Protein chains: 2
Amino acid sequence: SCWSKTPTNGSAPNIIIMLMDDMGWGDLGVFGQPSKETPNLDRMAAEGMVFPNFYASNPLCSPSRASLLTGRLPVRNGFYTTNAHARNAYTPQEIVGGISDDEILLPQMLKKMGYINKIVGKWHLGHRPHHLPLDHGFDEWFGAPNCHFGPYNSSFRPNIPVYNNSQMVGRYYEEFKINVKTGESNLTQIYLEESLEFLRAQASIRRPFFLYWAVDATHAPVYASKRFLGRSQRGRYGDAVIELDYSVGVILKELRRLGVAKDTFVFFTSDNGAAVMSGPKQSGSNGPFLCGKETTFEGGMREPAIAWWPGHITAGTVSYQLGNIMDLFTTSLALAGLTMPDDRIIDGLDLTPVLLNDSLIDRPIFYYRGNEMMAVRVGQYKAHYWTWSNSWEEFNKGINFCPGQDVAGVTTHTQKEHTMQPLIFHLGRDPGEKYPIRQVFRPHPDAATRAVLVPKLLHCSTRRETFGGDACGSANVMSGEYQAILQKISLVVEQHKSGLVPGVPQLNMCDLAVMNWAPAGCEKMGKCLKAPKSQPWKCEWPH
Amino acid sequence: SCWSKTPTNGSAPNIIIMLMDDMGWGDLGVFGQPSKETPNLDRMAAEGMVFPNFYASNPLCSPSRASLLTGRLPVRNGFYTTNAHARNAYTPQEIVGGISDDEILLPQMLKKMGYINKIVGKWHLGHRPHHLPLDHGFDEWFGAPNCHFGPYNSSFRPNIPVYNNSQMVGRYYEEFKINVKTGESNLTQIYLEESLEFLRAQASIRRPFFLYWAVDATHAPVYASKRFLGRSQRGRYGDAVIELDYSVGVILKELRRLGVAKDTFVFFTSDNGAAVMSGPKQSGSNGPFLCGKETTFEGGMREPAIAWWPGHITAGTVSYQLGNIMDLFTTSLALAGLTMPDDRIIDGLDLTPVLLNDSLIDRPIFYYRGNEMMAVRVGQYKAHYWTWSNSWEEFNKGINFCPGQDVAGVTTHTQKEHTMQPLIFHLGRDPGEKYPIRQVFRPHPDAATRAVLVPKLLHCSTRRETFGGDACGSANVMSGEYQAILQKISLVVEQHKSGLVPGVPQLNMCDLAVMNWAPAGCEKMGKCLKAPKSQPWKCEWPH
Ligand SMILES: [Ca+2]
Ligand SMILES: [Ca+2]
């Protein structure tokens with residue numbers, strides 16, 4: 001029945017995934033950003049379906065992007081490290097690993113159905129030749145393999161190359177300028193033009209296409225084109241958002257102009273939460289959620305998400321479905337009429353019943369940091385088995401993943417284990433993860449008295465003084481609510497862990513020799529650099 | 001020119017002010033509440049004008065409501081205390097004072113233009129006979145003079161009476177039930193019915209009307225009708241919001257059915273920020289803002305606000321105008337074709353050019369706590385001259401106005417004076433008031449390096465270690481940005497203070513004898529209680 005609304009003309013829709021970089025849940029007008037500067041995205045939401053409960057698979061770029069394209073958790077597809085416990089790892093230039101040839105990527109699958117696949121923007125699944133997009137199912141690529149960090153001293157670190165398909169066409173901060181002082185760069189315009197040309201070309205030959213639009217203007221150092229700089233009420237970060245919003249508007253308009261809007265499924269989301277550790281000029285907003293990028297609190301992984309497909313998705317709907325970036329793999333396959341790979345576990349869910357019939361499918365959300373399942377969400381409840389923001393050492397240096405926020409016993413600076421008695425939050429009434437469900441029974445005070453001023457759900461052990469010794473210090477009797485939830489969640493976790501065979505970790509080794517010294521095409525440009533001798537080491541992931 | 005779009009039929013529009021109680025900025029779907037359970041308000045916003053920068057005049061019920069109806073700051077209309085410095089005062093039952101006869105209230109003015117005025121719900125401008133609504137311009141009233149706290153032991157404290165016009169018709173927790181255990185009460189339905197009847201009656205006699213719909217289901221203890229209980233994803237508070245949202249939808253639909261929608265100006269807002277100190281079951285959301293009710297941080301005073309007037313206000317617009325609840329007085333007078341009282345200072349702004357022509361008017365927002373101007377907003381900048389959440393004594397008892405939030409040097413538990421060097425925030429890029437603009441000059445580090453991880457705008461004195469001794473410890477040279485802003489803001493503050501003649505404080509004295517022992521009408525009901533002997537004392541306002 002969930003197929004009843006798939007394209008009636010028998011052809012699979014075009015697919016556009018618009019993936020933002022470090023954009024937070026709270027960065028869009030429709031998600032409550034106070035400056036309300038995203039009219040195009042807000043309109044897209046009004047014409048489509050909004051997901052307030054959509055998640056990244058990881059609070060970091062590379063693993064989240066690997067999940068999007070493989071439909072699998074990072075711990076399965078290898079985008080994690082085992083060098084230390086519960087560490088965030090990604091693909092900086094010195095990383096040796098990248099996407100494994102054993103993984104099946106979305107464009108490889110779509111190819112079987114005749115799709116033309118293009119990625120525009122940031123790849124981030126490894127930058128060595130065998131890791132690059134054209135080796136993993138994409139027909140075309142315009143963009144860069146790594147983040148646009150820089151400028152680097154090219155004798156020590158090369159600047160990141162920009163590729164046109166398999167050939168480098170320049171480097172960031174050289175041919176592709178980003179002025180980190182003013183924030184000016186026309187990269188978003190270039191990425192927009194590349195996308196529009198692709199759309200026009202495919203529309204003219206009437207072949208189905210997959211466009212993975214992985215723009216990165218909202219990743220620090222944030223940038224915007226000259227005509228967008230200074231436009232936002234909220235500074236440079238807002239300028240970048242306004243330009244991206246504008247670009248979304250242009251793309252949707254072009255789909256209509258080309259007459260393919262009703263044949264094109266568009267999904268907008270972000271790869272991880274706003275990087276609030278970068279300060280207000282270089283980062284966005286996670287709305288009412290706790291902390292941000294790098295953490296497994298909601299601010300690290302809850303993402304803005306909008307699905308758009310005129311004539312198929314009912315305009316102006318809100319879906320409470322728990323969604324995950326991995327679902328874009330599975331859903332895209334379903335839309336294309338493909339069956340899932342059956343030789344491996346796919347974590348992504350097919351969202352087509354949600355999109356087309358407004359169904360709700362029960363499914364958990366897992367919050368990983370490296371090789372550790374830190375937390376799990378089941379329904380409205382989220383259980384933290386481990387809590388950590390970052391180490392005291394980093395925190396004392398001024399690196400703060402939760403600026404202005406401090407929840408005792410929750411935003412911890414040691415890796416705190418709660419596996420025997422997880423901290424559980426009700427995300428409906430407490431989206432900010434401030435009030436753990438009480439674990440121990442105590443008599444309920446009369447809510448009608450002035451005692452309503454005293455928060456009632458605080459974790460007893462951290463706030464014993466509030467309730468007096470008797471209530472919290474009494475015999476270890478679990479509260480009924482806590483016990484019922486824990487039982488339900490424990491089953492989900494048990495099932496998850498029993499079936500889990502971690503993939504070979506790809507993000508353990510680093511080597512200066514593997515950096516982007518001499519990307520394909522560098523000879524023609526006279527831009528090859530000499531790599532140092534190979535001296536691999538185990539990468540250090542501090543958080 | 002701002003009058004060019006006023007009703008062309010020459011008649012003044014009906015006016016409905018929908019005032020919520022303790023509802024937060026982040027409680028509506030359109031303002032980013034994650035559960036998105038306010039379809040009627042979201043539609044009202046889509047059909048009207050949204051104000052993301054709208055403020056209460058005070059972080060507390062009574063003063064804010066007094067400002068709405070007088071167009072004046074509490075420090076002018078007397079709704080403040082001088083018993084202690086910078087204290088929040090309101091009108092509990094033991095308060096002796098209330099709205100002064102010297103104040104001119106909105107309904108008194110509207111009466112001159114033939115309006116029929118009704119208040120439905122909570123009055124909160126004093127409960128003694130000469131303070132009640134029918135003595136201050138309202139023709140009709142159904143509701144209560146105080147908050148629905150209770151149940152009280154009637155020998156010590158009477159339950160709050162509910163009035164129908166000048167006569168008591170029962171008391172909360174007696175004839176008008178609120179089950180504080182289950183949260184069940186049909187009060188919102190009663191307040192809805194009272195309003196609908198009023199609308200129908202006025203529409204049939206074609207007289208202009210003013211309806212002040214002051215519902216209070218979102219004030220602790222929160223309540224909802226049986227059919228709404230359990231509906232929300234976010235618990236009882238959400239149930240109350242859903243019922244209020246439903247009621248808004250019914251009222252707007254009724255206006256259309258009666259054929260008066262285009263002749264009725266409707267404004268929706270709240271009297272102060274969400275009471276986050278009450279915990280997640282009894283309070284709402286202030287979205288990305290700092291702290292809540294009782295404080296002069298954004299969470300205490302930034303309010304959801306929607307204006308609706310089909311055919312006059314352009315649908316789907318966002319106004320960046322800095323608005324204030326006091327503006328509803330001034331704007332209503334302008335809409336009714338009345339001139340302002342000229343014998344007193346009116347703080348409210350006429351928003352008709354904003355509403356009808358999308359103009360932007362420069363004006364400051366003042367944040368008072370009692371008799372102290374704690375902060376001021378000018379443009380995007382907000383300067384705190386005093387910071388205080390609550391006292392250490394209260395905080396240590398578990399009363400927390402900023403749960404889960406902690407901004408060093410900002411959310412202080414002593415009344416901290418910054419008058420010589422106010423803390424200044426840019427609310428556009430930092431709506432959460434986490435990063436004070438740096439006060440002292442230091443060289444700007446290169447944003448392109450990994451140093452972007454270090455927040456750059458932290459107040460040096462509180463985070464000296466981040467920047468090293470040289471940068472922050474050097475000579476006391478004000479940074480250019482700070483100096484320029486401070487200069488601008490200082491002029492505004494100087495002008496404000498030089499013209500300020502505080503009104504006689506009405507909230508200084510308390511007396512058990514003045515409580516609602518024997519309201520008018522109690523004899524007929526056999527519900528008169530005996531008042532104790534008068535023993536006035538200076539009210540204690542702890543925060
Ligand atoms: Ca990212
Ligand atoms: Ca209130």
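Chain A is the first sequence line, chain B the second, and so forth, proteins listed ahead of strands; every chain is numbered from 1. Quantities reported herein were computed from a predicted structural model and do not represent experimental measurements.
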Problem - Student check: side-chain heavy atoms of B/Tyr320 and A/Glu37 closer than 4.5 Å - result: yes

Handout entry: Contact check, side chains of B/Pro403 and A/Tyr435, non-hydrogen atoms, under 4.5 Å
Key = yes

Exercise for the section: Kindly compute the distance separating CD (A/Gln405) from NZ (B/Lys434), expressed to the nearest 0.5 Å. Expected result: 4.5 Å

Practice task
Could you look at A/Val410 and say if it's the side chain, the backbone, both or neither that has a heavy atom under 4.5 Å from chain B?
Solution key: neither

Problem - Straight-line distance of B/Asn53 CG to A/Ser35 OG, nearest 0.5 Å - result: 7.5 Å

Fill in the blank from the handout: Here the gap from A/Asp430 atom CG to B/Ser285 atom OG, rounded to the nearest 0.5 Å, amounts to 10.5 Å

Handout entry: Part of A/Val318 within contact of chain B (heavy atom distance under 4.5 Å)
Key = side chain

Exercise for the section: Can you tell which part of A/Gln233 gets under 4.5 Å to a heavy atom of chain B, answering side chain, backbone, both or neither? Expected result: both

Fill in the blank from the handout: Note: vs chain B, highest number of non-hydrogen pairs under 4.5 angstrom among A/Leu427, A/Asp406, A/Val50, A/Val30 is A/Asp406

Handout entry: Nearest-0.5 Å distance, CZ of residue A/Arg429 to CD of residue B/Gln282
Key = 11.5 Å

Practice task
Considering only heavy atoms and a distance below 4.5 Å, find which of A/Pro288, A/Pro52, A/Gly287, A/Gly404 pairs most often with chain B.
Solution key: A/Gly404

Exercise for the section: Might you point out which heavy atoms bring B/Arg234 and A/Gly428 nearest each other, and give the distance in Å? Expected result: CB-O, 2.9 Å

Exercise for the section: Please state whether the side chain, the backbone, both or neither of A/Pro431 comes within less than 4.5 Å of a heavy atom of chain B. Expected result: side chain

Exercise for the section: Indicate yes or no: at least one non-hydrogen side-chain atom of B/Pro34 is less than 4.5 angstrom from one of A/Trp25. Expected result: yes

Practice task
Heavy-atom pairs under 4.5 Å with chain A are the metric here; pick the option from B/Gly432, B/Gly32, B/Ser283 that has the most.
Solution key: B/Gly32

